[in-house]
2 protein chains.
Amino acid sequence: MKKKSKTTTDAVKILHKTFIKDDPKRLASLQEEREKLKIAGQIYQLRTQAGLSQAQLAKLIGTTQSVISRLEDADYNGHSLNMLRRIAGALHYKVEVRLVPENAASARG
Amino acid sequence: MKKKSKTTTDAVKILHKTFIKDDPKRLASLQEEREKLKIAGQIYQLRTQAGLSQAQLAKLIGTTQSVISRLEDADYNGHSLNMLRRIAGALHYKVEVRLVPENAASARG
DNA sequence: AATTTTTATCGCAAATATGCGATATTATAT
DNA sequence: ATATAATATCGCATATTTGCGATAAAAATT
């Protein structure tokens with residue numbers, strides 16, 4: 001395969017088209033979509049930068065390839081912190097969760 | 001009631017006793033405990049700083065008081081991002097998730 | 001101390017995420 | 001083009017979270 005999976009890649013492009021194009025009011029929910037994308041992207045980035053296939057990471061945390069694929073799908077919305085911690089932990093990372101004001105410029109976007 | 005609920009308050013104190021006292025090797029998992037605590041604490045802080053009771057916040061996001069109480073329990077471990085987003089959103093906050101190296105000094109903890 | 005408000009805890013039903021094999025799709029290599 | 005490897009998707013069983021009422025425990029108010 002090439003560098004990036006279709007799902008994760010396309011999501012970036014689809015974002016604007018889907019949420020901004022003709023419905024400026026939906027811009028609010030864009031925030032949420034961005035977060036979802038970021039999570040998928042972060043998992044993908046962590047995994048590939050560690051040089052692992054989905055199957056390898058899956059084995060590492062005791063699950064199967066299809067599960068990892070699902071988590072890296074930008075449209076997937078059901079992330080649990082437990083699962084994120086499992087993935088992060090396997091790669092010597094940790095999960096940071098922050099509740100920040102919607103408007104404020106975030107830590108270092 | 002006083003300022004802080006028993007559960008959330010005590011957790012701070014219990015932490016050291018439980019995880020460090022006689023078992024230095026468990027210090028690793030302390031990271032995870034801290035994260036859990038932070039989430040409970042963040043929800044609590046957000047809610048009280050908004051001047052809401054658990055029942056009021058519950059109604060705001062379409063659930064019941066006992067659910068909020070459960071989420072503010074520092075020992076609770078089953079947070080989902082969906083739930084966090086619901087709470088954050090109701091108070092005009094957003095959820096930021098970051099996977100950061102276990103060792104590195106994080107963004108601005 | 002009695003009343004009222006708020007929070008914690010329990011039990012169980014309903015909703016959602018995970019586990020996982022099978023297979024299709026896509027990419028890479030030959 | 002063929003073979004191989006990686007990823008995406010489907011369906012269904014299992015596990016976990018959420019929903020929610022009831023009640024206990026704790027705190028605030030009078």
Side-chain angles (χ1 to χ4, degrees), chain A residues 1-12 14 32 36-37 39-90 95 97, chain B residues 1-12 14 32 36-37 39-90 95 97:
Chain A
M1 280 194 121
K2 238 190 343 194
K3 218 181 55 178
K4 230 171 178 350
S5 77
K6 187 172 80 63
T7 311
T8 309
T9 306
D10 289 359
V12 172
I14 294 170
E32 186 178 329
K36 291 198 302 194
L37 176 60
I39 291 174
Q42 283 181 80
I43 295 174
Y44 167 83
Q45 193 179 345
L46 226 65
R47 175 177 65 79
T48 54
Q49 119 192 337
L52 299 174
S53 68
Q54 291 183 344
Q56 289 173 317
L57 174 57
K59 190 174 183 183
L60 217 52
I61 69 169
T63 185
T64 54
Q65 176 267 325
S66 61
V67 172
I68 304 297
S69 177
R70 185 163 48 196
L71 294 172
E72 288 184 6
D73 178 355
D75 289 337
Y76 183 67
N77 166 297
H79 300 277
S80 75
L81 288 183
N82 282 329
M83 179 59 86
L84 291 180
R85 288 202 186 101
R86 281 167 65 188
I87 294 176
V95 179
V97 176
Chain B
M1 280 194 122
K2 239 189 340 194
K3 218 180 56 181
K4 231 167 177 349
S5 77
K6 185 173 81 65
T7 310
T8 308
T9 305
D10 289 359
V12 170
I14 293 169
E32 187 179 330
K36 291 197 302 194
L37 176 60
I39 292 174
Q42 281 181 80
I43 295 174
Y44 168 83
Q45 193 179 347
L46 225 66
R47 175 178 66 79
T48 53
Q49 119 191 339
L52 299 175
S53 69
Q54 291 183 344
Q56 288 174 317
L57 174 57
K59 190 174 183 183
L60 217 52
I61 70 169
T63 185
T64 54
Q65 176 266 325
S66 60
V67 172
I68 304 298
S69 176
R70 185 163 47 198
L71 294 171
E72 289 185 4
D73 178 355
D75 289 337
Y76 182 66
N77 168 298
H79 299 278
S80 77
L81 288 183
N82 281 330
M83 180 58 88
L84 291 179
R85 287 201 188 101
R86 284 166 63 189
I87 294 177
V95 179
V97 176

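Each chain gets a letter, A, B and so on, in the order the sequences are listed, and its residues count up from 1. Keep in mind the model is a prediction, meaning the values are calculated, not measured. Atom set for the values below is all heavy atoms of this structure, side chains included, hydrogens, waters and symmetry mates excluded.
Between the P atom of C/dT18 and the CD1 atom of A/Ile61 lies a distance of 10 Å, rounded to the nearest Å. Atom CD1 of A/Ile39 and atom C1' of C/dA17 are 14 Å apart (whole Å). Across the protein-nucleic acid pair, B/Met83 atom CE and C/dA15 atom P stand 15 Å apart, rounded to whole Å. Going from atom CG of B/Asp73 over to atom P of C/dT6 covers 20 Å, rounded to whole Å. Distance CG (A/Asp75) to P (D/dC10): 12 Å, rounded to an integer number of Å. Whole-Å rounding puts the A/Lys59 NZ to C/dC20 C1' distance at 15 Å. Rounded to whole Å, the distance from CZ on B/Arg47 to C1' on C/dT6 is 9 Å. Remark: P of C/dA17 and CG of A/Leu81 are 13 Å apart, rounded to the nearest angstrom.
Between C/dA8 and B/Ser69, a contact under 4.0 Å exists linking OP1 or OP2 to a side-chain N or O. Put simply, B/Tyr76 has a side-chain N or O that comes within less than 4.0 Å of OP1 or OP2 on D/dT18. A close approach under 4.0 Å does not occur between any side-chain nitrogen or oxygen of B/Arg70 and OP1 or OP2 of D/dT16. Applying the 4.0 Å criterion to OP1 and OP2 of C/dT16, one finds that A/Asn77 has every side-chain N and O outside that range.
The two residues A/Ala74 and A/Ala40 make their nearest non-hydrogen contact at CA-CB, 3.9 Å.
Residue A/Ser80 is classed as a sugar-phosphate contact, given heavy-atom separations below 4.0 Å to backbone atoms only. Nucleic acid contact for A/Ser53: sugar-phosphate only, since backbone atoms but no base atoms lie under 4.0 Å from a heavy atom of the residue.
The closest side-chain heavy-atom distance from B/Val97 to B/Val95 is below 4.5 Å. The side-chain heavy atoms of B/Leu46 and B/Leu52, taken from C-beta on, include no pair separated by under 4.5 Å. Side-chain contact between A/Leu84 and A/Ile43: present, with at least one pair of heavy atoms (C-beta onward) separated by less than 4.5 Å.
With hydrogens and angles ignored, a donor-acceptor pair closer than 3.5 Å exists between the side chain of B/Ser66 and the base of D/dG21. Contact annotation: side chain of B/Glu72 to base of C/dA8, donor-acceptor pair absent below 3.5 Å. At a cut-off of 3.5 angstrom, counting only N and O atoms as typed in the model, there is no donor on one side facing an acceptor on the other between the side-chain of A/Gln54 and the base of D/dA8.
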Determine all donor-acceptor pairs shorter than 3.5 Å in which one atom belongs to a side chain in residues 55-70 of chain A; sequence neighbours excluded.
| residue | atom | partner | partner atom | Å |
| --- | --- | --- | --- | --- |
| A/Gln56 | OE1 | A/Ser53 | N | 2.8 |
| A/Gln56 | OE1 | A/Ser53 | OG | 3.4 |
| A/Gln65 | NE2 | A/Gln54 | OE1 | 2.8 |

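Nearest nucleotide to the B/Gln65 side chain, out of C/dG19, D/dT18, C/dA8: C/dA8. Between C/dG19, C/dA17, D/dC20, one nucleotide has an atom nearer to the side chain of B/Asn82 than all others, and that is C/dA17.
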